[in-house]
Amino acid sequence: MVYPQRKLGIVYEPADDKGDVGVQIQKKKMRINYKRLQLKVAAAEMYPADYDFSIIFDTVENRKARHQMDRKFVPGLEIRYEKEEDGK
């Protein structure tokens with residue numbers, strides 16, 4: 001949970017040297033200081049060990065493109081990632 005807004009999010013990246021954690025809240029990725037976070041449920045309790053997190057964090061187009069790339073070469077096919085937003 002992110003305070004003071006009290007919104008639920010999913011941690012996708014551990015804290016960096018400044019203490020900022022990568023959190024996805026309602027399809028937006030942000031960097032938020034660990035002091036503003038409270039753990040509600042550990043990942044080990046929510047997901048099995050072999051869970052594919054691309055289901056949560058990737059767009060449908062990127063997942064389809066990755067699947068096609070795994071199967072065969074497709075000229076001009078590329079996967080694009082949006083630039084992360086600053087959580088400040």
Side-chain angles (χ1 to χ4, degrees):
M1 181 165 293
V2 178
Y3 289 97
Q5 300 92 341
R6 298 183 55 86
K7 291 188 177 183
L8 293 177
I10 298 174
V11 173
Y12 70 91
E13 191 172 274
D16 60 13
D17 57 343
K18 296 178 189 174
D20 293 337
V21 178
V23 180
Q24 180 170 325
I25 303 170
Q26 298 173 347
K27 298 185 181 182
K28 292 184 181 179
K29 293 181 180 177
M30 303 179 207
R31 305 287 303 168
I32 299 173
N33 192 279
Y34 75 95
K35 294 177 186 175
R36 294 181 49 207
L37 299 175
Q38 179 185 14
L39 180 64
K40 290 293 186 181
V41 180
E45 294 178 34
M46 291 178 62
Y47 307 104
D50 60 344
Y51 189 77
D52 180 14
F53 284 96
S54 68
I55 294 169
I56 299 171
F57 299 118
D58 274 353
T59 64
V60 173
E61 294 80 17
N62 283 352
R63 293 190 73 231
K64 285 183 179 181
R66 186 174 293 109
H67 178 71
Q68 284 185 335
M69 288 177 175
D70 287 344
R71 291 180 38 237
K72 61 184 178 181
F73 174 74
V74 181
L77 186 63
E78 54 185 32
I79 297 174
R80 295 182 181 251
Y81 293 99
E82 62 187 58
K83 185 177 178 182
E84 284 184 21
E85 295 182 26
D86 192 7
K88 296 179 182 174

Cluster companions of Phe73 among Ile, Leu, Val, Met, Phe, Trp, Tyr (side-chain spacing under 4.5 Å): none
Applying side-chain hydrogen bond (donor to acceptor under 3.5 Å, both in side chains), name anything that partners Tyr3, two or more places apart in sequence or on another chain. Gln38
Cluster overlap Ile10 with Val41, hydrophobic side-chain contacts below 4.5 Å: yes
Among all residues two or more places apart in sequence or in another chain, which pass the side chain to side chain contact (heavy atoms under 4.5 Å, CB included) test with Lys7? Gln5, Ile25, Gln26
Can you give me the closest heavy-atom contact between Val21 and Tyr34, atom names plus distance? CG2-CB, 4.0 Å
Residues Lys40 and Leu8: closest non-hydrogen pair is CG-CD2, 4.2 Å
Listed partners of Asp16 passing side-chain hydrogen bond (donor to acceptor under 3.5 Å, both in side chains), at least two apart: Arg31
